[in-house]
A.B. asks: 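After the structure tokens below, expect a handful of questions from me.
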Number of protein chains: 2
Amino acid sequence: MRKDAVHNRERLLRAARELFADRGLDVPLEEIARSAGVSIGTLYNRFPTRDALVEAVFADRVAAVAELAEQALAADNAWEGFVAFLTGVCELQATDLGYNDLAARTAGLDADRGYSLMQEIFGRAQRAGDLRADVTLADMAFVVWGVAATIRATCKTAPGAWRRHLALSLDGLRAIAAGPLPAPPMSTAQTRAAMQKC
Amino acid sequence: MRKDAVHNRERLLRAARELFADRGLDVPLEEIARSAGVSIGTLYNRFPTRDALVEAVFADRVAAVAELAEQALAADNAWEGFVAFLTGVCELQATDLGYNDLAARTAGLDADRGYSLMQEIFGRAQRAGDLRADVTLADMAFVVWGVAATIRATCKTAPGAWRRHLALSLDGLRAIAAGPLPAPPMSTAQTRAAMQKC
DNA sequence: TCTCAACTTGAGGGGGATCTCAACTTATGG
DNA sequence: CCATAAGTTGAGATCCCCCTCAAGTTGAGA
């Protein structure tokens, strides 16, 4: 790849990162190109589809989540690790509207290594008796979707509000709080399908 | 108003109600007109803006929510009334994607009479000691936003899943479950602003 | 320095939605 | 039955976004 091409690629990634973070994933591609100081044609040369650009921009997040997961597992207290992990993921979403859009449709479910780590965090909190026994990993999607919606609604006007929402959700996940659940957990296929619809 | 105009208005409302329910509020207006068997021009004659059409279609929901609220207040048990009310609102959202889009931005906060009824349901459950003391009416927005997001994601693939989400959220609202909350409740102004951003 | 593949450019075609308006049709009261 | 105000129509203007490609430009190796 030629030097100028590399340079333009980087400028595009920087511009996309910033615009995605501010306004979500559906920023016009022309605007990204303009903001990067290149033409729309160049953007299409480097990233043939919007998804390719999105993937390149957020590639590092997979690792960030895995990092969070490892820290969570390193915690002494299983429940505190669980809380820290979910808080970390939501923080990522809160500081980047683009990732907020994205997390709702991936939610760690694709990330090979990330998924098994999440299972471990989840299972450990459950075995410790703090996380209620009648929930599944699939139920975490409710937390992510819910907090994501709150972040979208409030990030400009009440920046910390999602923490309150998350805290309420977590209280509902504690064994202490467990009441009967009216529906079976979603199957993996249902969860996957639902995520793609975001 | 001429007889045929009344007739067309009704056909438009029926078509819009159905399409909104199936696919949400952003159905193309041309499609609504076509489905009603009139031209796009007629639609604009009867409803100068999309909002006017939406408002006309969902006018009855305000009353439906008030009705739910009254039933909730009639319940013997304050907490059960509270649960029944939120369940009812979510059911309305689940059976109508259009109302689902809408509820997130109105959530009863406009409805003069509905609002005071909600306050009463909420306060009663709190005074009874079942609803945790550290939440505000504004926190109900989290439930509505969250469940609405789950409904949107799952309505086609896991139709009952939102009930599970709602149950978990409600468990988090019970006094038994109360843990410390990390942020102050949203002010009325913040809540209102956030709703308009949906 | 020369050459050529790699790269950039931006006008323009295409699609889809919103909204308008001049020409046409029809209900209704007299 | 007529006059006319009320209503309908749909082509097309406008806007916004996506994507392509022929023409022009530039980096890098020979």
Side-chain angles (χ1 to χ4, degrees), chain A residues 1-58 97-102 104-105 152 196-198, chain B residues 1-58 97-102 104-105 152 196-198:
Chain A
M1 198 154 80
R2 246 167 60 177
K3 189 173 57 178
D4 54 345
V6 173
H7 182 236
N8 282 335
R9 202 186 119 94
E10 275 162 10
R11 282 169 63 86
L12 280 165
L13 281 175
R14 262 200 301 278
R17 206 182 325 270
E18 193 160 325
L19 285 170
F20 285 157
D22 265 22
R23 315 227 311 261
L25 288 186
D26 50 0
V27 182
L29 293 180
E30 312 232 19
E31 200 171 337
I32 294 174
R34 190 171 353 114
S35 155
V38 303
S39 85
I40 180 66
T42 298
L43 188 155
Y44 277 97
N45 275 345
R46 298 290 131 244
F47 305 99
T49 67
R50 187 188 210 89
D51 276 357
L53 177 58
V54 169
E55 197 175 348
V57 165
F58 292 103
L97 272 185
Y99 185 67
N100 186 41
D101 287 355
L102 199 60
R105 41 174 174 274
R152 239 171 292 145
Q196 275 168 353
K197 190 156 291 181
C198 295
Chain B
M1 197 155 77
R2 244 167 62 176
K3 189 172 58 178
D4 55 344
V6 173
H7 182 236
N8 283 335
R9 202 187 119 95
E10 275 163 11
R11 282 169 64 86
L12 280 166
L13 281 176
R14 262 199 302 277
R17 205 182 327 266
E18 193 160 326
L19 286 171
F20 285 158
D22 265 22
R23 316 226 313 260
L25 287 186
D26 50 1
V27 181
L29 293 179
E30 311 230 22
E31 202 172 335
I32 294 174
R34 191 172 351 115
S35 154
V38 302
S39 84
I40 181 66
T42 298
L43 190 155
Y44 276 96
N45 273 347
R46 298 288 132 244
F47 304 100
T49 69
R50 188 188 209 89
D51 276 358
L53 176 58
V54 168
E55 197 177 347
V57 164
F58 292 102
L97 272 185
Y99 186 65
N100 186 41
D101 287 356
L102 198 62
R105 41 174 174 273
R152 239 172 291 146
Q196 274 168 353
K197 191 156 292 182
C198 291

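Order of the sequence lines fixes the chain letters, A, B, ..., with proteins taken first and strands second; residue numbering starts at 1 for each chain.
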A.B. asks: Once you measure the plane-to-plane angle for Phe58(A) and Phe20(A), does it fall in the parallel (<30°), tilted (30-60°) or perpendicular (>60°) bin?
C.D. replies: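 Answer is parallel, since the angle falls under 30°.
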A.B. asks: Just compare dG27(D), dT8(D), dT26(C) and give me whichever is closest to any side-chain atom of Arg46(B).
C.D. replies: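 So the side chain of Arg46(B) is nearest to dT8(D).
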A.B. asks: Whole angstroms only, please: what is the CD1-C1' distance between Ile32(B) and dC19(C)?
C.D. replies: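 These atoms are roughly 15 Å apart.
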A.B. asks: Starting at the 5' end of DNA chain D and moving along, which residue's nearest nucleotide shows up first, Pro48(A) or Pro28(A)?
C.D. replies: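 It is Pro28(A) whose nearest nucleotide is closer to the 5' end.
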A.B. asks: Could you check how far CG of Leu43(A) sits from P of dT9(C), rounded to whole Å?
C.D. replies: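 The answer, rounded to whole Å, is 11 Å.
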A.B. asks: Can you find a heavy atom in the side chain of Arg9(B) that is under 4.5 Å from one in the side chain of Met1(B)?
C.D. replies: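 Yes, at least one pair of side-chain atoms sits under 4.5 Å.
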A.B. asks: Please state whether the phosphate of dG7(D), meaning OP1 or OP2, lies under 4.0 angstrom from any side-chain nitrogen or oxygen of Asn8(B).
C.D. replies: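 No, because none of the side-chain N or O atoms of Asn8(B) sits under 4.0 Å from OP1 or OP2 of dG7(D).
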A.B. asks: It should be established whether Arg50(B) places a side-chain nitrogen or oxygen under 4.0 Å from OP1 or OP2 of nucleotide dT18(C).
C.D. replies: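 The answer is yes; a side-chain N or O of Arg50(B) sits under 4.0 Å from OP1 or OP2.
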A.B. asks: Answer with base, sugar-phosphate or nothing: what part of the nucleic acid does Leu29(A) contact at a heavy-atom distance below 4.0 Å?
C.D. replies: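 Contact class for Leu29(A): sugar-phosphate only.
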A.B. asks: Does any nucleotide pair with dA22(C) by Watson-Crick or G-U wobble geometry, both distances under 3.5 Å, and what is it?
C.D. replies: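 Because both required distances fall under 3.5 Å, dA22(C) counts as paired with dT9(D).
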A.B. asks: Out of dT20(D), dC19(C), dT8(C), which nucleotide sits closest to the side chain of Ala5(A)?
C.D. replies: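 That would be dT8(C).
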A.B. asks: Check whether any side-chain heavy atom of Phe47(A) lies under 4.5 Å from a side-chain heavy atom of Val54(A), and answer yes or no.
C.D. replies: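 SC-SC contact between Phe47(A) and Val54(A) ruled out.
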A.B. asks: For the pair made of CZ in Arg11(A) and C1' in dT9(C), what is the distance, rounded to whole Å?
C.D. replies: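 To the nearest whole Å, that distance equals 15 Å.
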A.B. asks: Using a distance-only criterion (donor-acceptor N/O pair, under 3.5 Å, no hydrogens), is the base of dT26(C) paired with the side chain of Arg2(B)?
C.D. replies: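 Looking at the base of dT26(C), it does pair with a donor or acceptor on the side chain of Arg2(B) (distance under 3.5 Å).
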A.B. asks: I want to confirm an ordering. Mapping Thr49(B) and Gly41(A) to their closest nucleotides on DNA chain C, which one lands closer to the 5' end?
C.D. replies: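 That would be Gly41(A).
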A.B. asks: I need the CZ-C1' distance between Arg9(B) and dA6(D), as an integer number of Å.
C.D. replies: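 Whole-Å distance recorded here is 16 Å.
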A.B. asks: Scan every strand shown for a Watson-Crick or G-U wobble partner of dA17(C), both distances under 3.5 Å, and answer none if you come up empty.
C.D. replies: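 dT14(D) - that is the nucleotide pairing with dA17(C), both distances being under 3.5 Å.
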A.B. asks: Of the options dT20(D), dT28(C), dG7(D), whose atoms approach the side-chain atoms of Ile40(A) most closely?
C.D. replies: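 Output: dT20(D).
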A.B. asks: Do the side-chain N or O atoms of Thr42(A) get closer than 4.0 angstrom to the phosphate oxygens (OP1, OP2) of dT9(C)?
C.D. replies: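 Looking at the OP1 and OP2 atoms of dT9(C), one of them is under 4.0 Å from a side-chain N or O of Thr42(A).
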A.B. asks: Which heavy atom of Arg46(B) sits nearest a heavy atom of Ala5(B), and at what distance?
C.D. replies: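 Shortest heavy-atom contact: NH2-CB, 3.6 Å.
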A.B. asks: Rounded to the Å, how far apart are Arg23(A) CZ and dC16(D) P?
C.D. replies: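 About 13 Å, once rounded to whole Å.
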A.B. asks: Identify which nucleotide among dT8(D), dT18(C), dA27(C) has an atom closest to any side-chain atom of Ser39(B), counting heavy atoms from C-beta outward.
C.D. replies: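 Nucleotide nearest to Ser39(B)'s side chain: dT8(D).
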A.B. asks: When all nucleic acid strands are considered with a 4.0 Å heavy-atom cut-off, which category describes Asn45(B): base, sugar-phosphate, or nothing?
C.D. replies: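 Contact class for Asn45(B): base.
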A.B. asks: Do Asn100(B) and Leu25(B) make a side-chain contact, defined as non-hydrogen atoms from C-beta onward lying under 4.5 Å apart?
C.D. replies: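 No - every pair of side-chain heavy atoms lies 4.5 Å or more apart.
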A.B. asks: Once you round it to whole Å, what is the distance between P of dT8(C) and NE2 of His7(A)?
C.D. replies: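 Computing the His7(A):NE2 to dT8(C):P distance gives 11 Å.
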A.B. asks: Under a 4.0 Å threshold between the charged nitrogen and the carboxylate oxygen, would Glu31(B) count as salt-bridged to Arg23(B)?
C.D. replies: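 So Arg23(B) pairs with Glu31(B) through a salt bridge.
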A.B. asks: What's the closest nucleotide to the Tyr44(A) side chain, out of dC18(D), dT8(D), dT18(C)?
C.D. replies: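 It is dC18(D).
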A.B. asks: Rounded to the nearest angstrom, tell me the gap between atom NZ in Lys3(A) and atom P in dT8(C).
C.D. replies: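 These atoms are roughly 13 Å apart.
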A.B. asks: In whole angstrom, what separates Met1(A)'s CE from dA28(D)'s P?
C.D. replies: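 From Met1(A) CE to dA28(D) P: 12 Å.
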